[in-house]
Amino acid sequence: MKARKLSVGLGLVALATILVVQGCATPVSRGRGDFADFCAGCHGATGRGDGPAAAGLASTPADLTVLSAANGGVFPRVRVMSVIDGYTRQDQHGSTMPVFGPLLEEGPLVLVETGDGIVTPTPERLVALADYVATLQTTP
């Protein structure tokens with residue numbers, strides 16, 4: 001009986017490990033499309049903050065190509081997802097960036113390791129969009 005419980009437990013751990021999205025297990029092409037639809041108007045097609053709508057904004061959109069460089073060479077994936085989702089901006093009144101979380105909830109959830117071993121179910125489209133932004137990073 002103990003061997004069966006151990007086997008089931010190890011199987012569940014293996015399944016959880018397979019489901020956890022750490023590197024890039026999401027369709028970047030979906031993220032590219034969502035970037036074009038939701039982000040490029042302000043951030044520009046290349047993510048430099050020079051989109052056609054940027055001129056009419058009160059503050060310049062962030063240059064998304066330097067996020068890794070500003071974070072010690074590591075892409076801040078979880079922080080990017082939080083900003084896109086709107087979670088980190090809930091208390092910032094007057095932010096010109098819209099909250100995109102509700103627009104990206106459609107579709108399946110994937111498990112994302114968000115730090116310190118915490119795994120969080122996250123909309124796959126949000127992960128794909130953040131993973132696409134990671135592809136825009138420039139190297140110094």
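All heavy atoms count here, side chains included; hydrogens, waters and symmetry mates do not. All values derive from a computational prediction rather than experimental measurement.
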Considering all heavy atoms of both residues, which atom of [X] and which atom of [Y] are nearest to each other, and what is their separation?
{"X": "Leu57", "Y": "Pro61", "result": "CD1-CG, 3.7 Å"}
{"X": "Gln137", "Y": "Ser68", "result": "OE1-N, 2.8 Å"}
{"X": "Gly49", "Y": "Ala54", "result": "O-CB, 3.6 Å"}

What I'd like to find out is whether the side chain of [X] reaches to under 4.5 Å of the side chain of [Y], using heavy atoms alone.
{"X": "Cys39", "Y": "Leu129", "answer": "yes"}
{"X": "Asn71", "Y": "Leu67", "answer": "no"}
{"X": "Arg77", "Y": "Val112", "answer": "yes"}

ask   = Does Val83 share a hydrophobic cluster with Leu103, counting links as ILVMFWY side-chain heavy atoms below 4.5 Å and allowing steps through other members?
value = yes
ask   = With sequence neighbours left out, which residue pairs that include part of residues 28-40 fulfil the salt bridge (charged side-chain N to carboxylate O under 4.0 Å, His left out) condition?
value = Arg30-Asp34, Arg30-Glu106, Asp34-Arg125
remark   = So the side-chain hydrogen bond (donor to acceptor under 3.5 Å, both in side chains) pairs with at least one residue in residues 57-67 (sequence neighbours excluded) are Arg48-Thr65, Asp63-Thr65
ask   = What pairs meet the ring-ring contact (aromatic ring centres under 6.0 Å, His included) rule with one or both residues in residues 32-75, with sequence neighbours excluded?
value = Phe35-Tyr132, Phe38-Phe100
inquiry  = I'd like to check the side-chain contact (heavy atoms from CB on, under 4.5 Å) partners of Pro52; sequence neighbours left out, ordered by chain and number.
reply    =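 Scan of Pro52 (side-chain contact (heavy atoms from CB on, under 4.5 Å), adjacent residues dropped) gives none.
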task = Supply the atom-to-atom distance Leu109 CG to Leu126 CG, rounded to the nearest 0.5 angstrom.
result = 10.5 Å
